[in-house]
Amino acid sequence: MGHHLTAGQRALLEAALLQRQHQLDARLAEHHQGLTRAEHAADLREQDNDDAPQRETERELDLAISDRETTELGAVSAALRRLRADDYGICRSCGCDIPFDRLKAEPWALRCVDCESRMEAGRRSA
Ligand SMILES: [Zn+2]
């Protein structure tokens, strides 16, 4: 099972995942620094509350972005683990082989296109 991918294809996907992991790591580190600086600036201006609502929004936006990046980083790491454990590229929902073209576009994909769009539709109607 899970061997519909050639060794070359797996190597290519692993490289893509590692690159993405590295990118997200760097971006989260940057983000964390930015947040720390923003907090420090907020401390310095504590007596001045005029721009507080705007600061809140920026902070929330910042947190939302790093939330998404953290989630994606989790998905990327999980895909790397699956790749090494040899259960990579199999649809979680229907058990079919996820086509290489889809994995190339989204190496951390957990489901085939059919199951994924069914999931999305379910999420929207919920
Ligand atoms: Zn499926």
Ion pair D87/R92, N-O distance below 4.0 Å = no
Could you state the interatomic distance from CZ (R10) to CG (L83), rounded to the nearest 0.5 Å?
-> 5.0 Å
Where P107 and A79 come nearest, the two heavy atoms and their spacing = O-CB, 3.9 Å
Establish whether L110 and V113 are linked, either directly or via other cluster members, by ILVMFWY side-chain heavy-atom contacts under 4.5 Å.
-> no
Could you give the distance from CZ (R82) to CG (L17), rounded to the nearest 0.5 Å?
-> 8.5 Å
Just by distance, do the side chain of E106 and the backbone of L103 share a donor-acceptor pair under 3.5 Å?
-> no
Evaluate the side-chain proximity of R111 to I98: yes if any heavy-atom separation is below 4.5 Å, no if none is.
-> no
Which heavy-atom pair separates W108 from A75 by the least distance, and what is that distance?
-> CB-O, 3.7 Å
Answer yes or no: is there a side-chain heavy-atom contact under 4.5 Å between L5 and Y88?
-> yes
Is R27 salt-bridged to E30, cutoff N-O under 4.0 Å?
-> no
Heavy-atom distance under 4.5 Å between the side chains of R84 and E14, does that happen here?
-> yes
Looking at side-chain heavy atoms only, is the closest gap between R20 and E72 below 4.5 Å?
-> yes
State, to 0.1 Å, how close C112 and C91 come at their nearest heavy-atom pair, and which atoms those are.
-> N-SG, 3.4 Å
Do you know the tightest heavy-atom contact between R102 and A109?
-> NH2-CB, 3.6 Å
So do the side chains of F100 and L12 get within less than 4.5 Å of each other, counting heavy atoms only?
-> yes
Atom pair CD (Q21) and CG (D25), whose distance is rounded to the nearest 0.5 Å = 6.0 Å
What is the distance from atom CG of D114 to atom SG of C96, rounded to the nearest 0.5 Å?
-> 7.5 Å
Take atom CD in Q19; do more than 12 heavy atoms of anything else shown fall under 6.0 Å from it?
-> no
